Amino acid sequence: MSSTPRAPLIFVLFSLIVSGSSRTIPCLDGCKCDLSEHDPVISCDGLGLERFPLPHSSPLRGFHYLALTCNDLETIPAISMIKASFPDLQGIDVQGNPRLNCTTLAHLHTEIPVLSDCEEDKPKLQCDNLDKNCDWKCRALTKLKEMWAQFKDLVNRKAKEWQAEETIEAAKNWFSAQFKKFKVAIGELSD
């Protein structure tokens with residue numbers, strides 16, 4: 001597993017998951033532009049794309065997420081080209097692109113969150129067996145859950161390594177107590 005920052009990716013995934021209703025129109029190279037008011041998305045999933053889709057004339061503004069899962073991409077353009085083409089972009093999903101040269105993602109991680117299979121021993125997203133009821137939001141939530149489980153596992157391993165299990169347990173208890181106090185304060189629980 002690489003040492004790429006996870007906080008921005010987790011924030012983007014969470015904000016995308018809670019977005020509202022939408023309207024979809026065709027755009028780019030057969031992609032669909034979701035014009036939801038909260039988090040507009042360009043969905044290019046499963047189109048067999050061999051190259052990263054870029055607008056042919058003017059930049060596509062207002063889109064926060066570019067879903068490119070299950071294609072045949074080999075490379076990703078420079079971040080400057082991506083930002084010029086999609087000035088409001090906040091995240092990219094390139095899971096399920098088996099030919100993708102993962103070294104081309106290295107330059108992106110410091111600029112924009114990217115979901116990929118590059119950190120996995122073998123790709124988890126099985127494009128030939130996709131759940132039709134699990135759209136890009138569902139896949140993003142699944143990836144977020146996996147990342148959270150990996151993070152918790154890492155914290156537990158480090159706690160044992162540093163012999164800090166008691167400290168970690170005390171922190172968990174403190175956060176649980178604070179959460180309970182918060183819920184009591186807003187009236188969801190009785191004291």
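Please read all numbers here as calculations on a predicted model, not as lab measurements. No hydrogens, no waters, no symmetry mates; every other heavy atom, side chains included, goes into these values.
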Task: Nearest heavy-atom neighbours spanning Pro77 and Ile82 - done: O-CD1, 3.5 Å

Task: Donor-acceptor contact present, side-chain Asp117 to main-chain Pro98, <3.5 Å - done: no

TODO: For Asp34 and Thr24, test the side chains for any donor-to-acceptor distance below 3.5 angstrom and give the result as yes or no.
DONE: no

TODO: Over all heavy atoms of both residues, which pair between Pro87 and Arg61 is shortest? Give the atoms and the distance, please.
DONE: CG-NH1, 3.1 Å

Open item on the list: Return the CG to SG distance between Leu100 and Cys118, rounded to the nearest 0.5 Å.
Closed with: 5.0 Å

TODO: Applying side-chain contact (heavy atoms from CB on, under 4.5 Å) between Phe63 and each of Asp88, Leu35, Val41, report the one that passes.
DONE: Leu35

Open item on the list: Just verifying a value: how many Å separate Phe52 CZ and Ile92 CD1, rounded to the nearest 0.5 Å?
Closed with: 4.5 Å

Open item on the list: Could you measure the distance from the CG atom of Leu68 to the OG atom of Ser43? Nearest 0.5 Å is fine.
Closed with: 8.5 Å

TODO: Please tell me if the side chains of Leu66 and Asp93 come closer than 4.5 Å, counting only heavy atoms from C-beta onward.
DONE: no

Task: Side-chain donor or acceptor of Asn71 paired with backbone N/O of Leu73 under 3.5 Å - done: no

Open item on the list: Does any part of the side chain of Cys44, heavy atoms only, come nearer than 4.5 Å to the side chain of Leu49, both counted from C-beta?
Closed with: yes

Task: Heavy-atom check, side chain of Pro40 versus side chain of Tyr65, under 4.5 Å - done: no

- [ ] Nearest 0.5 Å please: distance from the CG atom of Leu47 over to the CG atom of Leu28.
- [x] 10.0 Å

Task: Cationic N near anionic O, under 4.0 Å, Asp45 to Lys32 - done: no

Task: Distance, nearest 0.5 Å, that separates SG of Cys102 from CG of Asn97 - done: 9.5 Å

Task: Rounded distance [0.5 Å steps], CG in Leu105 versus CD1 in Ile112 - done: 11.5 Å

Open item on the list: Which residue is it: Asp72, Thr75, Asp29? I am looking for the one with a side-chain hydrogen bond (donor to acceptor under 3.5 Å, both in side chains) to Arg51.
Closed with: Asp29

Task: Check: Lys83 side chain, Leu89 main-chain N or O, donor-acceptor pair, under 3.5 Å - done: yes

Open item on the list: On a heavy-atom basis, which atom in Ala84 and which in Pro59 lie closest, and how many Å separate them?
Closed with: O-CB, 3.2 Å

